[in-house]
Protein chains: 2
Amino acid sequence: MFSKTCEYAIRAMIFIAQKSKDGSKIGIREIAKGIDSPEYFIAKILQELGRKGVVQSMKGPTGGFYLDNSARKTSLATIVKAVDGDNIFSGCGLGLKQCSDKHPCPLHHEFTKIRKDITNMLNKTKVGDLQEELDQKLTFLRRD
Amino acid sequence: MFSKTCEYAIRAMIFIAQKSKDGSKIGIREIAKGIDSPEYFIAKILQELGRKGVVQSMKGPTGGFYLDNSARKTSLATIVKAVDGDNIFSGCGLGLKQCSDKHPCPLHHEFTKIRKDITNMLNKTKVGDLQEELDQKLTFLRRD
DNA sequence: TCTATAAAAGATATTTTTGTCTTTTATTTC
DNA sequence: GAAATAAAAGACAAAAATATCTTTTATAGA
Ligand code: FES
Ligand code: FES
């Protein structure tokens, strides 16, 4: 469904939301541990998300990653788009160069329904909401 | 959603269903052209599907690929499972090692709904049915 | 039985994704 | 201002996915 990169990105965003909700910042090493991802790899991903303004960061001592109030309202759709592009939102399920109602592939009618559900789900789900459930220990970001 | 390999596999299966419905067989070169895929690559994929009994083939002159009556009833789920494994049917949307109700990731509740829809869709959709729509030119296997 | 044909099998190559390491830059604290 | 810290940037490496080519095997038909 999502690339590994995207899975890590979403997990990291929720983790950062949690660890920075009191205004503090969280380092890359702890993030990697918290979400069970390769340290250098998630660093690269967050760097890119930082450039796009999806996550905030500060260098130097006491520095690290955090989310400002507007970033907490980021939808998963925004993250997915930033990392994986928009193939999942508009691409053909059978890999035709273009998805189109006028020139549909054999799966088009069934696939667009699902694609719509996925899009709705990703649009309505915000990082901040997922972080709250995580806080209540109703959900988890890693599995040992 | 699906790997390139899987997209080609599904398209090829529908194409073979169409071209072999009169009992004839279809060669790899025509298949590659018909579904706009790399020739040697789809050959490898069909070889593997052949080993698994998902598609039928014959060597030699007048040889080629075809689908017997039972293969026409193959569901997309069978093809996807044969090619991509069962990650899409049971894997965690955020890439945790295990998807579980007891230890759910933040996306679990929303994701399992969609995963179920996908599973149902792939199970109920049969190659033969898609081929019929293709015959009526209601759908297409390539886009130029 | 010989020849031509077409898939199977095996080997190799390229590209993309995923993962790692090193150097540079910004920031804090002393 | 100097030292320590942590992310940014850039270079590199490994693995997986995608793609291509060559040789072998089975089959049909002359
Ligand atoms: S054309 Fe394939 S999903 Fe729309
Ligand atoms: S645990 Fe992630 S989808 Fe079930």
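What's counted below: heavy atoms across the whole structure, side chains too, no hydrogens, waters or symmetry copies. Each chain gets a letter, A, B and so on, in the order its sequence line appears, and its residues count up from 1.
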When you measure from the side-chain N and O atoms of B/Tyr40 to the phosphate of D/dT22, is any distance below 4.0 Å, counting only OP1 and OP2? no
Would you say D/dA28 has OP1 or OP2 under 4.0 Å from some side-chain N or O of B/Thr62? no
| query | Relative to the ring of B/Phe2, is the ring of A/Phe111 parallel (under 30°), tilted (30 to 60°) or perpendicular (over 60°)? | reply |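 A/Phe111 vs B/Phe2 ring planes: tilted.
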Under 4.0 Å between a Lys/Arg side-chain N and an Asp/Glu carboxylate O for B/Lys97 and A/Asp36?
->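 Answer for the salt bridge query: yes.
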**Prompt:** Using a heavy-atom distance cut-off of less than 4.0 Å, which residues of residues 11-32 of chain A contact DNA chain C?
**Reply:**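 Within this stretch, nothing sits under 4.0 Å of the strand.
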Side-chain heavy-atom pair A/Val127, A/Thr78 within 4.5 angstrom cut-off: no
- Nearest non-hydrogen partners of B/Val54 and B/Ala71, listed with the distance: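 Where B/Val54 meets B/Ala71 most closely, the heavy atoms are O-CB, 3.8 Å.
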### Ring-face cation of B/Lys44 near B/Tyr40 (centre distance under 6.0 Å, axis angle within 45°)
no
Please confirm whether B/Lys81 makes a cation-pi placement over B/Phe89, using NZ or CZ under 6.0 Å from the six-membered ring centre and within 45° of the ring normal.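 Ring-cation test returns yes.
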Interatomic distance where [atom1] belongs to [X] and [atom2] belongs to [N] [whole Å]:
X	N	atom1	atom2	answer
B/Tyr66	C/dA7	OH	P	12 Å
A/Tyr8	C/dT18	OH	P	8 Å
B/Phe2	D/dT18	CZ	P	14 Å
B/Phe65	C/dT5	CZ	C1'	14 Å

**Message:** Other residues, nucleotides and ligands only: do more than 12 of their heavy atoms fall within 6.0 Å of CZ on B/Arg51?
**Reply:** yes
_Heavy-atom count check: over 12 atoms from other residues, nucleotides or ligands less than 6.0 Å from B/Lys33 NZ?_
no
Checklist entry - Which of residues 41-61 of chain A have a heavy atom under 4.0 Å from DNA chain D? => result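 Per residue number, the list reads A/Lys44, A/Gln47, A/Arg51, A/Ser57, A/Met58, A/Lys59, A/Gly60, A/Pro61.
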